[in-house]
Amino acid sequence: MSQNLTQSKTHLVGSADASPQQYLTFSLGGEVFALGILNVKEIIEFGNITEIPMMPAFIRGVINLRGAVVPVIDLSARFGGPASTVSRRTCIVIVELGEGEERQDLGVIVDAVNEVLEIPRSEIEPPPTFGAKIRADFIQGMGKVEGHFVIILNVDRVLSPQEITMLASMSSNGTGSEED
């Protein structure tokens, strides 16, 4: 009963604000993904990344962005796939995370940036419970755009500073995947 009530409230909230949301779309491993534009600070050319020893494979290193040290995440590796192959269209999307005073910038390696799209909330389906190539909690929804689905990422889950810190400390302590 409470689940139906929750679904009804979610549906009402979604229909009350039917205004389109803007998303930055990008390609990664042949799939099209999207991030809410409000989280995106800038897009930069793929450049020199300083590697940091004993980090999980998906943390490629850090870059110097106008004097600030910004960690760079390989999104393909974060999703459990192979490390991204760098091509001339490879970019780093700088994403701002956090709330209030606790803000942090992270770089995300993507194969290519596509465009900014407006996707009406009525065209966004809930995430699939199975069958996706990435963890279900990483997906905020599936946007329907011109007959195709765009995977809208839950940026707070994919780039969770707490989870990344935990995985990094596990990796540096040597308690990573070898014992699993």
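By the criterion of side-chain heavy atoms lying less than 4.5 angstrom apart, applied directly or through intervening Ile, Leu, Val, Met, Phe, Trp or Tyr residues, V40 is grouped together with L97 in one hydrophobic cluster. In the hydrophobic cluster analysis, where Ile, Leu, Val, Met, Phe, Trp and Tyr join through side-chain heavy atoms closer than 4.5 angstrom, I44 is grouped apart from V110. Taking hydrophobic clusters as Ile, Leu, Val, Met, Phe, Trp and Tyr residues chained together by side-chain heavy-atom distances below 4.5 Å, V108 shares a cluster with I52. No chain of hydrophobic side-chain contacts below 4.5 Å, direct or via other Ile, Leu, Val, Met, Phe, Trp or Tyr residues, connects I109 to L159. I59 and I134 end up in the same hydrophobic cluster when Ile, Leu, Val, Met, Phe, Trp and Tyr side chains are linked at under 4.5 Å.
The CG atom of L24 lies 10.5 Å from the CG atom of L153; values are rounded to the nearest 0.5 Å. For the atom pair CG (N154) and CG (D137), the distance works out to 7.5 Å, reported to the nearest 0.5 Å. Between I139 atom CD1 and R157 atom CZ the span is 12.5 Å, to the nearest 0.5 Å. For the atom pair R78 CZ and S84 OG, the distance stands at 14.0 Å (nearest 0.5 Å). The OG atom of S87 sits 10.0 Å away from the CZ atom of F46 when rounded to the nearest 0.5 Å. Interatomic distance, F149 CZ to I151 CD1, rounded to the nearest 0.5 Å: 10.0 Å.
For the pair D105 and K41, the salt-bridge criterion is met [side-chain N within less than 4.0 Å of a carboxylate O]. The pair R66-E42 meets the salt-bridge criterion, since a charged nitrogen lies less than 4.0 angstrom from a carboxylate oxygen. Salt-bridge formation is detected for the pair E125/K144: a Lys NZ or Arg NE/NH1/NH2 atom is positioned less than 4.0 Å from an Asp or Glu carboxylate oxygen.
Listed for the D74 side chain is no donor-acceptor partner under 3.5 Å among the backbone atoms of R60. A donor-acceptor pair under 3.5 Å is absent between the side-chain atoms of T25 and the main chain of V116, judged by distance alone.
Between the side chains of D111 and T90, no donor N or O sits under 3.5 Å from an acceptor N or O.
Among residues two or more places apart in sequence or in another chain, the ring pair (Phe, Tyr, Trp, His ring centres under 6.0 Å) test is passed with F79 by F33, F138.
Put simply, the side chain of V32 reaches to within 4.5 Å of the side chain of N114, judged on heavy atoms. Side-chain contact between V62 and I49 is absent, with no heavy atoms from C-beta onward closer than 4.5 Å.
For Y23 against A34, the heavy-atom pair with the smallest separation is CB-CB, 3.8 Å. Considering every non-hydrogen atom in both I63 and N48, the closest pair reads CG2-O, 3.4 Å. Contact between G141 and I124 at its shortest, heavy atoms only, is CA-CG2, 4.1 Å. Shown here for C91 and I43, the closest heavy-atom pair between the two residues is CB-CG2, 4.0 Å. Between P126 and M142, the shortest heavy-atom contact is O-CG, 4.0 Å. Considering every non-hydrogen atom in both P128 and A136, the closest pair reads O-CB, 4.0 Å.
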When you look at R121 and Q21, which way does the side-chain contact (heavy atoms from CB on, under 4.5 Å) test go after all the steps?
CA-CA 7 Å; R121 290 178 196 253; Q21 300 288 67; 2.8 Å; yes

